Amino acid sequence: MEKVSWEDIQDTPQLMDFLRRMIIESLKLEDLDPAEIQEDEPLFGEGLGLDSLDALELVVAIERRFGVVIENEDQGKEAFVSLTALARYIQREVGRP
Amino acid sequence: MRQWIDAEVRVRFEEVDPWQIVWYGRYLSYFEVARTVLMEEFELLADRIVLMGYRTPIVSLHCQFKAPARFNDLLQVRATVKVPETASLTFLFEIHRPADEALIAVGETTHVLLSEEGQMIYKFSGPLRERIDRMVAFCNPSP
């Protein structure tokens, strides 16, 4: 995935697009059209259908690209509710000491 | 090159099915014999992990059956662990029969980490991480 600066993607629509591509790339879902990842659809379970190992992959991808650490399932529950929730979580946590 | 830990298993009468070969589910407990030797070496047996406040359930299991093992065969069971890219551990297994150099089965299990309360842990940390790092370094020595 190409390197981008936070300034270029911190606005929500750009960040959502970046996250859609990051999810597809890090979970090797190349058959999925980015537009199919709905903004408010659950990422796990009945929505996009991701599982616990996918969560671990996303945690690593998010830390690598944004420096945002999601330590456990409790924090993940807030971040992985939906694409919108993930974007908000990252916007809030980026740059936090 | 990966470093493997070896264990020996002799096939018992009760493990053989009516076709006179080892029933497929038994190979998984043979894998476990070698994994236990590996985990014990690095103080990572299930009871030690529980004392640290964690559990490590299996979330994925694969096995390919290459040749049948039979009653009283002496088998060499090997285990190693891959370098983890996430907070999970993937073990690799091989079962060989040295008498005729047959490869009997190969397998793989993936384990995740849960807290005592059943919450999934997304990052290894503390003493558990140190022990895991030692085991991973042993199994995956730098060239």
Side-chain angles (χ1 to χ4, degrees), chain A residues 1 3 19-30 32 42-83 85-97, chain B residues 28 31 35 39 44 46 49-64 79-93 106-133 135-137 139-140:
Chain A
M1 203 163 180
K3 293 241 179 207
L19 291 175
R20 282 189 175 96
R21 284 183 285 120
M22 184 195 79
I23 289 170
I24 286 171
E25 186 181 298
S26 56
L27 303 183
K28 301 179 179 66
L29 301 172
E30 279 82 4
L32 188 69
L43 293 176
F44 291 85
E46 77 273 25
L48 194 54
L50 305 184
D51 64 20
S52 54
L53 290 177
D54 294 327
L56 297 179
E57 294 285 352
L58 282 185
V59 165
V60 169
I62 290 163
E63 183 172 357
R64 198 172 288 154
R65 303 218 163 77
F66 301 101
V68 170
V69 177
I70 304 173
E71 294 273 354
N72 54 40
E73 195 177 341
D74 255 355
Q75 293 176 7
K77 265 187 191 147
E78 181 193 343
F80 295 141
V81 167
S82 64
L83 197 67
L86 182 58
R88 282 202 195 114
Y89 187 90
I90 290 170
Q91 284 168 331
R92 193 185 73 209
E93 295 294 322
V94 163
R96 220 182 231 208
Chain B
L28 310 182
F31 291 164
R35 197 174 69 83
M39 296 294 263
L44 284 168
I49 290 179
V50 166
L51 284 177
M52 285 190 274
Y54 299 109
R55 283 152 206 196
T56 53
I58 291 186
V59 294
S60 169
L61 161 69
H62 298 277
C63 184
Q64 289 178 283
T80 188
V81 69
K82 289 166 85 169
V83 176
E85 292 177 6
T86 66
S88 63
L89 287 175
T90 296
F91 294 90
L92 305 177
F93 304 95
V106 295
E108 185 177 311
T109 58
T110 299
H111 306 239
V112 295
L113 190 62
L114 297 184
S115 68
E116 267 174 343
E117 298 77 33
Q119 293 278 310
M120 205 165 149
I121 306 293
Y122 290 164
K123 281 184 81 79
F124 294 140
S125 61
L128 179 68
R129 184 190 176 136
E130 288 167 19
R131 293 180 196 186
I132 289 172
D133 285 350
M135 176 175 70
V136 168
C139 290
N140 301 272

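In what follows, chains are A, B, ... by sequence order, proteins preceding strands, each numbered from 1. Note that the structure is predicted; figures quoted are calculated from it, not measured.
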Heavy-atom closest pair, residues A/Leu56 and B/Ile121: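 Looks like CD2-O, 3.9 Å.
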Ring pair (Phe, Tyr, Trp, His ring centres under 6.0 Å): pairs with one or both residues in residues 44-63 of chain A, sequence neighbours excluded: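 Sorted result for residues 44-63 of chain A: A/Phe44-A/Phe80.
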Tell me, please, which residues at least two apart from A/Leu32 pass side chain to side chain contact (heavy atoms under 4.5 Å, CB included).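 Testing A/Leu32 for side chain to side chain contact (heavy atoms under 4.5 Å, CB included), a comparison that skips the adjacent residues, returns A/Ile24, A/Leu29, A/Glu36, A/Ile37, A/Leu48.
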Between chain B and chain A, are any donor-acceptor pairs under 3.5 Å, and how far apart is each one to 0.1 Å?
residue	atom	partner	partner atom	Å
B/Gln119	OE1	A/Asp74	N	3.3
B/Met120	N	A/Glu73	OE1	2.6
B/Met120	O	A/Glu73	N	2.8
B/Tyr122	N	A/Glu71	O	2.8
B/Lys123	NZ	A/Glu63	OE1	2.8
B/Lys123	NZ	A/Glu63	OE2	3.2

